[in-house]
Amino acid sequence: MCGRLRARSAVWGRAGWGTQAHEELPACDLSLGLAGLPDDGQELVRELAWYYDNLGALVTHGVVEIEPVSGYLGGSVITVWEKMEPLVAVERARRAQNSLPDPNRWQEYFENLYHLVREVPPEQARAQSRSWRLPGR
């Protein structure tokens with residue numbers, strides 16, 4: 001239930017926030033963008049999105065390679081983006097209506113990170129590492 005974002009916000013802020021978003025965002029009305037979330041949920045989802053957006057910027061500009069990011073966080077990048085994409089689309093449209101500059105820029109690095117991880121899936125990124133020793137995983 002979408003209200004659980006509010007009830008669990010303290011826990012979500014300390015640990016497991018990506019999992020909470022994955023499990024609970026579908027119960028929210030994402031057609032309203034961030035406004036479809038409880039107040040506490042809005043802040044937490046914004047923080048989660050910014051985390052992935054910043055990580056995406058680091059990968060896009062070559063500060064961090066995609067392989068370790070995908071190997072460690074790739075699964076969550078994929079699942080969280082796929083849950084948040086409708087919300088991002090609404091927020092971009094809202095920014096365009098408010099004449100904000102470059103409205104499609106909102107979460108653009110996160111979106112790009114998603115596509116990069118799809119090209120180098122977590123299993124592949126780990127298996128190709130010189131230091132990976134777990135067979136078949």
Side-chain angles (χ1 to χ4, degrees):
M1 178 166 206
C2 185
R4 290 168 58 192
L5 284 171
R6 179 190 335 246
R8 294 185 181 177
S9 64
V11 173
W12 195 16
R14 286 193 300 270
W17 40 296
T19 301
Q20 293 292 330
H22 176 259
E23 293 173 356
E24 297 174 15
L25 276 177
C28 298
D29 186 358
L30 301 183
S31 69
L32 299 173
L34 289 167
L37 307 175
D39 291 341
D40 291 349
Q42 289 178 25
E43 181 178 344
L44 293 169
V45 167
R46 222 181 274 119
E47 287 177 18
L48 178 62
W50 285 338
Y51 171 77
Y52 286 120
D53 200 52
N54 287 326
L55 186 57
L58 294 174
V59 171
T60 298
H61 295 288
V63 176
V64 178
E65 296 294 323
I66 187 60
E67 290 80 4
V69 172
S70 181
Y72 187 62
L73 292 171
S76 65
V77 168
I78 291 170
T79 56
V80 172
W81 173 259
E82 289 176 353
K83 299 298 180 192
M84 287 184 64
E85 186 176 15
L87 180 145
V88 171
V90 170
E91 288 299 316
R92 287 175 176 172
R94 181 171 289 131
R95 284 164 170 71
Q97 290 173 349
N98 292 333
S99 300
L100 291 174
D102 199 11
N104 288 324
R105 162 59 192 103
W106 197 74
Q107 298 306 313
E108 196 169 52
Y109 284 111
F110 182 9
E111 182 177 7
N112 189 60
L113 181 62
Y114 166 80
H115 291 288
L116 292 171
V117 169
R118 300 291 288 183
E119 291 174 10
V120 182
E123 302 79 20
Q124 176 184 333
R126 290 188 293 267
Q128 290 177 347
S129 171
R130 292 182 346 207
S131 299
W132 191 256
R133 300 293 183 265
L134 300 176
R137 291 194 279 172

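Leu32 is not connected to Leu44 by any chain of hydrophobic side-chain contacts under 4.5 Å among Ile, Leu, Val, Met, Phe, Trp and Tyr, and they are in different clusters. In this structure, Trp50 is a member of the same hydrophobic cluster as Leu34, with clusters built from ILVMFWY side-chain heavy atoms closer than 4.5 Å. Residues Tyr114 and Tyr109 fall into different hydrophobic clusters, defined by Ile, Leu, Val, Met, Phe, Trp and Tyr side chains chained together at heavy-atom separations under 4.5 Å.
Residues that satisfy the salt bridge (charged side-chain N to carboxylate O under 4.0 Å, His left out) test with Arg94, not counting sequence neighbours, are Glu91. Remark: Glu67 pairs with no residue by the salt bridge (charged side-chain N to carboxylate O under 4.0 Å, His left out) rule, at least two apart or across chains.
Atoms CD and CE, on Glu111 and Met84 in that order, are 12.0 Å from each other to the nearest 0.5 Å. One distance of note links CH2 of Trp132 with CD of Glu123; it measures 10.0 Å at 0.5 Å rounding.
Nearest heavy-atom pair across Pro122 and Gly75 is CG-N, 3.6 Å. Here the closest heavy-atom approach between residue Val120 and residue Ala125 is recorded as CG1-CB, 3.9 Å. The two atoms that bring Cys28 and Gly36 nearest to each other are CB-O, 4.0 Å, heavy atoms only.
With hydrogens and angles ignored, the 3.5 Å screen pairs no side-chain donor or acceptor of Arg95 with any backbone N or O of Asp102. For the pair Asn112 (side chain) and Glu108 (backbone), a donor-acceptor distance under 3.5 Å is absent. Between the side chain of Ser70 and the backbone N or O of Ile66, no donor-acceptor pair lies under 3.5 Å.
Side-chain contact check for Leu30 versus Val90: every heavy-atom pair is 4.5 Å or farther apart. In this structure, the side chains of Phe110 and Leu55 stay at 4.5 Å or more apart for every pair of heavy atoms.
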What do the steps show when you test Asp39 against Glu43 for side-chain contact (heavy atoms from CB on, under 4.5 Å), and what is the final call?
CA-CA 7 Å; Asp39 291 341; Glu43 181 178 344; over 6 Å; no

Leu73 vs Tyr51, test: side-chain contact (heavy atoms from CB on, under 4.5 Å). Steps then yes/no.
CA-CA 12 Å; Leu73 292 171; Tyr51 171 77; 3.4 Å; yes

Apply side-chain contact (heavy atoms from CB on, under 4.5 Å) to Leu37 and Leu25, showing your working.
CA-CA 8 Å; Leu37 307 175; Leu25 276 177; 3.7 Å; yes

Trp81 and Leu113: side-chain contact (heavy atoms from CB on, under 4.5 Å), yes or no, with the steps?
CA-CA 9 Å; Trp81 173 259; Leu113 181 62; over 6 Å; no

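A donor and an acceptor atom, one from each side chain of Gln107 and Tyr52, are nowhere located under 3.5 Å apart.
When the shell of 6.0 Å around CD of Glu65 is examined, it contains 12 or fewer heavy atoms from other residues, nucleotides or ligands.
With respect to the salt-bridge test (charged N to carboxylate O, under 4.0 angstrom), the residues Arg105 and Asp53 qualify.
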